[in-house]
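Inspection log for the structure reproduced underneath, given as structure tokens.
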Amino acid sequence: MKTETTIDLKQVEDFWNNNLCGKQFVDAKFPSKEFYKYYRDFRYKKTHHLDIYIDWKSATNKDVLEIGLGIGADATRWAEFAKSYTGVDLTAEAVYATKLHFEHLSLKGNILQGNAEALDLPDANFDIVYSHGVLHHTTNTQQTFHEINRVLKPNGQFIVMLYAKGSFNYWIRIQLYFRLRLLFEILKNKLGDSSKGNWALHIHNFKKDGWSYLSWKNFPHHCTDGPDCYIANIYYQSEIKDMLEKAGFKVEKMKKGHFPIGGKYPKLERFFAKYIGFHQLVWAKKQ
Ligand SMILES: C[S@@+](CC[C@H](N)C(=O)[O-])C[C@H]1O[C@@H](n2cnc3c(N)ncnc32)[C@H](O)[C@@H]1O
């Protein structure tokens, strides 16, 4: 069985190189200027809490580091205000996409390929480190927190989003509905029918990994960013707090976001997300 302990960083890199985060949501030619505009429109409409909860302007006169870039939308938000912006991603694809994004908007930034578990950056160098939906995908999340603490200046701020266990998505959608649905798809395949889309990929993985694919601990990894994603850890608030404190941070604020129910009523989505949202945002200070 493949679990987070047996997956190495090369496999994480390969997955994200082949699945540039968010690209699938935009119906425009990558990497045109139009593509990036549509992507930003899509992102801040769907993940509407970001422009409300994240104070991009707080980067004014500050040195900002972002870890895990995807298409580089949040990168452009930070770079608009920061004194300096540095972005690091494990994959050549995200580095390429973000560099082009900056070129299209005439923004300045230092975009680098690198690993959050061993940052090739000096100690005490940044005022803010931001990482959205990234550090739960790596092989050693605790180690990334130590690295981030190292590169932050004294009293520097760390803003991180990790997937939340105390959420509708984890308990109802993934552990209950997805699990039952996959059991149904397995039965369907046994009776000679075939599955479509992501369910076909789940069936393929199930045939390869056996029943362990569906285990309580393993299955959620494959139910957030696609069936072929092998590391997507989901945490309780208390677990995140413990990891941050162990790495020398003091947690200042925690807020949950992301409860998509069609996007027509963003205020209602944010209300539900506060209690059962999937994105756990944390603001912490280097001690
Ligand atoms: C789900 S995407 C999130 C991207 C972006 N922050 C967003 O919110 O759209 C995860 C990104 O994290 C990067 N990543 C995963 N593990 C990493 C690591 N150890 N170091 C640096 N980047 C990593 C991947 O290459 C990928 O681009």
How far apart are the closest heavy atoms of [X] and [Y], and which atoms are they?
| X | Y | result |
| --- | --- | --- |
| Ala232 | Thr224 | CB-OG1, 3.2 Å |
| Pro220 | Ile234 | CB-CD1, 3.9 Å |
| Val26 | Tyr38 | CG1-CB, 3.6 Å |
| Phe219 | Ile174 | CE2-O, 4.0 Å |
| Ser212 | Asn218 | O-ND2, 3.4 Å |
| Glu147 | Ala116 | CB-O, 3.5 Å |

Quick one: are [X] and [Y] in side-chain contact, heavy atoms under 4.5 Å?
| X | Y | answer |
| --- | --- | --- |
| Thr138 | Ile231 | no |
| His222 | His202 | yes |
| His221 | Asn233 | yes |
| Ile67 | Leu65 | yes |
| Tyr130 | Gln157 | no |
| Glu13 | Gln113 | yes |
| Leu281 | Val160 | no |
| Ile186 | Trp211 | yes |

Under the ring pair (Phe, Tyr, Trp, His ring centres under 6.0 Å) rule, collect the residues that match up with [X], sequence neighbours excluded.
| X | value |
| --- | --- |
| Phe30 | Phe35 |
| Tyr236 | none |
| His48 | none |
| Phe271 | Tyr275 |

Q) Mind checking what makes side chain to side chain contact (heavy atoms under 4.5 Å, CB included) contact with Phe15, not counting sequence neighbours? A) Asn19, Asp228, Cys229
Q: Decide yes or no on side-chain contact (heavy atoms from CB on, under 4.5 Å) for Trp16 and Val134, but give the supporting numbers first.
A: CA-CA 11 Å; Trp16 290 109; Val134 173; over 6 Å; no
Expected output: side-chain [X] to main-chain [Y] donor-acceptor under 3.5 Å:
| X | Y | value |
| --- | --- | --- |
| Thr47 | Tyr44 | no |
| Asp127 | Asp63 | yes |
| His258 | Gly277 | no |
| Gln24 | Gly22 | yes |
| Arg181 | Leu176 | no |
| Arg179 | Leu214 | yes |
| Gln280 | Gln237 | no |

Q) Going from NE2 on His137 to OH on Tyr163, what distance comes out if it is rounded to the nearest 0.5 angstrom? A) 4.0 Å
Q) Thinking salt bridges, do Lys45 and Asp41 make one under a 4.0 Å N-O criterion? A) no
**Q.** Pair Trp199-Phe184, ring pair (Phe, Tyr, Trp, His ring centres under 6.0 Å): steps then yes or no
**A.** CA-CA 10 Å; Trp199 295 110; Phe184 168 75; 9.5 Å; no
Identify each donor-acceptor pair in which a side-chain atom of residues 86-101 lies under 3.5 Å from a protein atom, sequence neighbours left out, and give them as a table.
unit_1, atom_1, unit_2, atom_2, d
Asp89, OD1, Thr91, N, 2.9
Asp89, OD1, Thr91, OG1, 2.9
Asp89, OD2, Leu69, N, 2.7
Thr91, OG1, Ala94, N, 3.2
Thr98, OG1, Gly70, O, 3.4
Thr98, OG1, Ala94, O, 2.8
His101, ND1, Ile71, O, 2.9
His101, NE2, Arg40, NH1, 2.9

(Q) side-chain hydrogen bond (donor to acceptor under 3.5 Å, both in side chains), that's the test. Do Asn189 and Ser194 meet it? Break it down for me. (A) CA-CA 5 Å; Asn189 278 264; Ser194 60; 5.9 Å; no
Q) Parallel, tilted or perpendicular: which fits the ring planes of Tyr36 and His104, with parallel below 30° and perpendicular above 60°? A) tilted
Q: For Asn61, look at atom CG and say whether over 12 heavy atoms of other residues, nucleotides or ligands are found less than 6.0 Å away.
A: no
**Q.** Residues, nucleotides or ligands: over 12 heavy atoms within 6.0 Å of Phe42 CZ
**A.** yes
Under the rule for side chain to side chain donor-acceptor pair (under 3.5 Å), what residues qualify as partners of [X], not counting sequence neighbours?
| X | value |
| --- | --- |
| Gln143 | none |
| Tyr39 | Arg43 |
| Gln142 | His146 |
| Asp14 | Lys10 |

For residues 166-173, which side-chain donor-acceptor pairs fall under 3.5 Å, sequence neighbours excluded?
unit_1, atom_1, unit_2, atom_2, d
Ser167, OG, Ala164, O, 2.6
Ser167, OG, Tyr170, N, 3.2
Asn169, OD1, Arg173, NH1, 2.7
Tyr170, OH, Gln175, NE2, 2.9
Trp171, NE1, Lys165, O, 2.9

Only pairs under 3.5 Å count here: list side-chain donor-acceptor contacts from residues 240-255, not counting sequence neighbours, and write none if there are none.
unit_1, atom_1, unit_2, atom_2, d
Lys241, NZ, Glu245, OE2, 3.1

Q.
Here's one to test your reading of the geometry: is the NZ or CZ of Lys286 within 45 degrees of the ring axis of Phe158 and under 6.0 Å from its centre?
A. no
(Q) Run Glu66 and Tyr85 through side-chain hydrogen bond (donor to acceptor under 3.5 Å, both in side chains) and show every step you take. (A) CA-CA 8 Å; Glu66 180 176 2; Tyr85 171 89; 2.7 Å; yes
Q. Would you say the side chains of Asp51 and Trp56 form a donor-acceptor pair under 3.5 Å?
A. yes
